[in-house]
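Only this structure's heavy atoms are used, side chains among them; waters, hydrogens and symmetry mates stay out. Residue numbers start at 1 and run along the sequence shown.
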Amino acid sequence: MMWGDVRSQVLQRDKHKCVVCGEAADEVDHIIEKVRGGPMFDPKNLQTLCKTHHREKTARFLRFWLAKNKEKVKPEMFNEQLEKWVAFE
């Protein structure tokens with residue numbers, strides 16, 4: 001199964017509405033992140049989020065991951081865009 005097919009299925013299932021706030025949405029988020037072992041193509045692990053809630057969730061995860069991996073992380077690994085996401089409140 002291709003990502004585009006699964007993404008469309010999840011958006012349809014959630015009626016193109018953010019599962020957090022109910023606003024119109026077109027972003028699909030992995031509930032359990034892929035890096036934590038969450039399945040990539042399982043609709044049960046996917047949810048529709050608006051841009052704001054997707055960014056908030058991603059920023060929380062990145063802050064957690066960076067804190068947990070601070071010895072392994074080198075500042076030059078991050079570009080300006082990633083720094084904006086981590087700072088997003």
*asked:* Is there a path of hydrophobic side-chain contacts, each under 4.5 Å between heavy atoms of I/L/V/M/F/W/Y residues, joining Ile32 to Val35?
replied: no
*Student check: side-chain heavy atoms of Thr48 and Glu27 closer than 4.5 Å*: no
_Shortest non-hydrogen separation from Val19 to Gln47 and the atoms involved_ = CG2-OE1, 3.4 Å
*Write down the atom of Gly22, the atom of Lys17, and the distance for their closest heavy-atom approach.*
O-CD, 3.2 Å
*Check whether any side-chain heavy atom of Trp3 lies under 4.5 Å from a side-chain heavy atom of Val28, and answer yes or no.*
yes
_Tell me the closest heavy-atom pair linking Pro43 and Arg13, and the distance in Å._
O-NH1, 2.8 Å
*For the residue pair Arg60 and Glu56, establish whether any side-chain heavy-atom pair is separated by less than 4.5 Å.*
yes
*CZ-CG distance between Arg7 and Asp5, expressed to the nearest 0.5 angstrom*: 11.5 Å
*Do you know the tightest heavy-atom contact between Cys21 and Cys50?*
SG-SG, 3.9 Å
_If we check side chain to side chain contact (heavy atoms under 4.5 Å, CB included) with Leu46, which of these qualifies: Leu11, Val6, Asp29?_
Val6
_Gap between atom CG of Asp14 and atom CD of Gln9 - 0.5 Å precision_ = 10.5 Å
*Are Lys57 and Glu33 close enough for a salt bridge, meaning some N to O gap below 4.0 Å?*
yes
*Nearest-0.5 Å distance, CG of residue Asp42 to NE2 of residue His30*: 9.5 Å
_Is it the case that the side chain of Asn45 and the backbone of Pro39 share a donor-acceptor pair, with hydrogens and angles ignored and the cut-off at 3.5 Å?_
yes
*Is there a path from Val10 to Phe41 through hydrophobic residues (I, L, V, M, F, W, Y) whose side chains come within less than 4.5 Å of each other?*
yes
_Exercise: identify the closest heavy-atom pair between Leu49 and Val20_ = CD2-CG2, 3.7 Å
